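First the structure, in the form of structure tokens, and then the observations on it.
Keep in mind it's a predicted model, so treat the numbers as computed, not measured. All ligand and atom numbering here is 1-based and tracks the order in the structure.
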Amino acid sequence: MTNIKFFSGEQIPLEMHKVRIVQKLTLPPIERRLEAITEAGNNTFLLKNRDVFLDMLTDSGTNAMSDRQQAAMLIADDSYAGSETFIRLESRLKELFGKKYFLPTHQGRACENIISQALVKPGSVVPMNYHFTTTQSHINLNGGKVEEVITDAALETTSDNPFKGNIDIDKLNGVIETNGEDKIAFVRMEAGTNLIGGQPFSLENLSQVRKVCDKYGLILVLDASLLADNLYFIKTREEKCKSMSIREITLKIASLSDVIYFSGRKLGCARGGGICTSDKKLFEKMREFIPLYEGFLTYGGMSVREMEAMAVGLEETMDEDMISQGPKFIEFMTNELAKKGVPVITPAGGLGCHLNAMEFVNHIPQNEYPAGALAVALYIISGIRGMERGTLSEQRNPDGSEKLANMELVRLAMPRRVFTLSQVKFAVDRITWLHENRKTIEGLKFVEEPKILRFFFGRLKPVSNWQEKLVKQFKKDFGDSL
Ligand code: F0G
């Protein structure tokens, strides 16, 4: 990795790319922002991008492409079957992961649908470090249930544990013994564990999980959607891996996994997804679903242009300068906020900076969605769109009661190579103001609540007129400033 010291001693991340295409941004006045979030049912997913200044909702499909990725799109080979584009993407994946077979899908959750349909039966159990929303829904839809076997350290919000995404081996053994190995559909390891703050697993831990899978004859499935960040953390935080190249670490991780699936909206900085395996029987079983749900076997619902961009993006993921950009910006933002006393998840992970709403707005009860309310408040006072990752992102229990989340987070995603350091500093400034004025924020309640994945399109309203009060306070402190 490029090592650059500053004469001033200052520690700031330095971009190892230059910007050659730009998109104009606008910051609407606070009155419009209040109107926009009301129209959006107090759900940041339902905001229109024209009302958003910094879109930190997600890094999914929003990473900046490189010039080489854009160039590759021009040579895409359009054909329903047997396109050269597919062959190029397939051979890139074979080279990086060393797996014999590749099944293309339109995005990550499509892989989850196929893997779950192939392996999960009613009564199945799937142990994993932590669930992801769509993963859990697909497992549940097929009659299975998720068992999280993450280490206790993972749920400590402030920590210096470098690998909070690790599986607790004793807990994993326990779940297998309790349920019997016949009931275990597969063991799932998620790279860059999304819902607990983009936290990585270590290579050492993955090796131990592999041993458990071997002992019981279980399939190990890797969700590699956030692998790029996890690779960077293994390289920089795991002593034994410091001398390994990113390519070597990737191959090692892949060799320990039976099935690798990914969202190409994250890994590879394009849009699409795919499943890789060397298990012929499993490949044949999963293959049947591709033409049914995705498209023909050589495009799986993806555009050939995106496939070309993905093939180049995957290769660029082996470049340490490229994969360090996200984590370094996230670390900068997290540390700046922590210095100002704002509760954030530490150590900084991948994916984005995570505000700890449980503490930030500890006066809001969990059934009034503190993280949802904080995400809405942040949008109103800054035009920054984040994402609720807490109770609102959970599904109710079968008896209709709220399933209170372990963590209440507002995720401020850092799409790679998209934002500049001054934009990040603006975010830090506004979040710090909001923290000082946090007592004004109150909760939300549902007006329309979908049964499945309610956070995507549910509509809510504030429990009181706290939003008008927040606008007043903002105007008092900032005057005419946007
Ligand atoms: N697995 C992980 C770890 C993810 O983060 C995602 C998507 C998926 C699977 C599903 O992939 O979106 O291509 O269907 N995460 C996005 C996010 C939605 O915003 O974090 P997908």
Side-chain angles (χ1 to χ4, degrees), residues 43-45 47 55-63 103-116 126 128-139 141 146 148 150 154 164-165 186 188-201 221-231 233 253 257 259-276 293-294 300-303 306-307 309-310 313-314 326 330 349-354 371 375 385-390 392-393 407 409-416 418 452-457:
N43 180 346
T44 54
F45 271 99
L47 282 168
D55 191 4
M56 295 185 157
L57 185 76
T58 180
D59 62 338
S60 172
T62 57
N63 295 310
L103 293 169
T105 67
H106 77 276
Q107 64 184 87
R109 68 202 68 183
C111 308
E112 292 168 342
N113 173 34
I114 287 159
I115 294 168
S116 300
V126 186
M128 58 182 68
N129 47 353
Y130 210 74
H131 76 280
F132 182 68
T133 52
T134 53
T135 327
Q136 172 151 291
S137 293
H138 280 297
I139 290 168
L141 274 174
V146 163
E148 282 155 357
I150 193 110
K164 293 206 284 187
F186 56 89
R188 173 176 174 275
M189 186 65 132
E190 183 180 309
T193 325
N194 189 325
L195 294 192
I196 60 160
Q199 300 293 325
F201 62 74
V221 175
L222 172 76
D223 179 343
S225 306
L226 291 167
L227 183 66
D229 295 336
N230 208 125
L231 284 166
F233 291 126
I253 288 176
S257 316
V259 177
I260 302 169
Y261 77 90
F262 62 94
S263 166
R265 300 179 63 84
K266 292 183 186 267
L267 187 68
C269 294
R271 290 138 200 114
I275 308 173
C276 303
Y293 293 109
E294 303 303 307
M302 283 185 275
S303 129
E306 296 288 344
M307 290 167 76
M310 195 190 295
L314 286 165
I330 293 162
L351 175 57
C353 169
H354 292 76
R385 162 156 68 175
M387 186 192 290
E388 192 273 359
R389 295 274 80 159
L392 216 129
S393 297
M407 288 185 161
L409 307 181
V410 173
R411 178 180 94 180
L412 299 167
M414 197 73 76
R416 285 137 200 100
V418 170
I452 294 181
L453 298 174
R454 62 184 181 173
F455 62 94
F456 276 139
F457 40 95

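By the 3.5 Å distance cut-off applied to N or O atoms, G108 is counted among the residues near ligand 1. Residue D223 has at least one N or O atom closer than 3.5 Å to an N or O atom of ligand 1. Every N/O-N/O distance between R389 and ligand 1 stays at or above 3.5 Å. Considering both main-chain and side-chain atoms, R411 comes within under 3.5 Å of ligand 1 through a nitrogen or oxygen pair. For the pair R265 and ligand 1, the shortest N or O to N or O distance does not fall below 3.5 Å.
Residue R109 has at least one heavy-atom neighbour below 4.0 Å for each of these atoms of ligand 1: 10 (C), 11 (O), 12 (O), 14 (O), 18 (C), 21 (P). Distances below 4.0 Å separate heavy atoms of T58 from the following atoms of ligand 1: 17 (C), 19 (O). Taking a cut-off of under 4.0 Å to the non-hydrogen atoms of E190, the atoms of ligand 1 that pass are 3 (C).
Every heavy atom of R271 sits 4.0 Å or more from the atoms of ligand 1.
Checking F132, F45, Y130, F456 against atom 7 (C) of ligand 1, the nearest heavy atom belongs to F132. Among S263, G352, G273, the residue whose heavy atom lies closest to atom 13 (O) of ligand 1 is S263. Distances from atom 21 (P) of ligand 1 to the heavy atoms of Q107, M387, H106, E112 show the closest one on Q107.
With a 4.5 Å cut-off on side-chain heavy atoms, F455 and N43 do not count as touching. By the 4.5 Å heavy-atom criterion applied to side chains, V418 and N63 are not counted as neighbours.
Residue A224 comes nearest to A191 through the heavy atom pair CA-CB, 4.4 Å, listed as atom of the first residue, atom of the second, then distance. S137 and L453 make their closest contact through OG-CD2, 3.6 Å (heavy atoms, listed as atom of the first residue, atom of the second, distance).
Of the N and O atoms on the side chains of N194 and R389, not one donor lies less than 3.5 Å from an acceptor on the other residue.
Here the options are N129, L409, I150, the test is side chain to side chain contact (heavy atoms under 4.5 Å, CB included), and the partner is I196; only I150 passes.
The nearest protein atom to atom 5 (O) of ligand 1, hydrogens excluded, is given as N194 ND2, 2.8 Å; this is a heavy-atom distance. For atom 15 (N) of ligand 1, the closest non-hydrogen atom of the protein is K266 CE, 3.1 Å.
Using a distance-only test at 3.5 Å, with no hydrogens or angles considered, a donor-acceptor pair links the side chain of T105 to the main chain of Q107. Side-chain N or O atoms of D59 include none that pairs as donor or acceptor with a backbone N or O of A413 at under 3.5 Å.
We find that D223 and K266 are not joined by a salt bridge, their nearest charged nitrogen and carboxylate oxygen being 4.0 Å or further apart.
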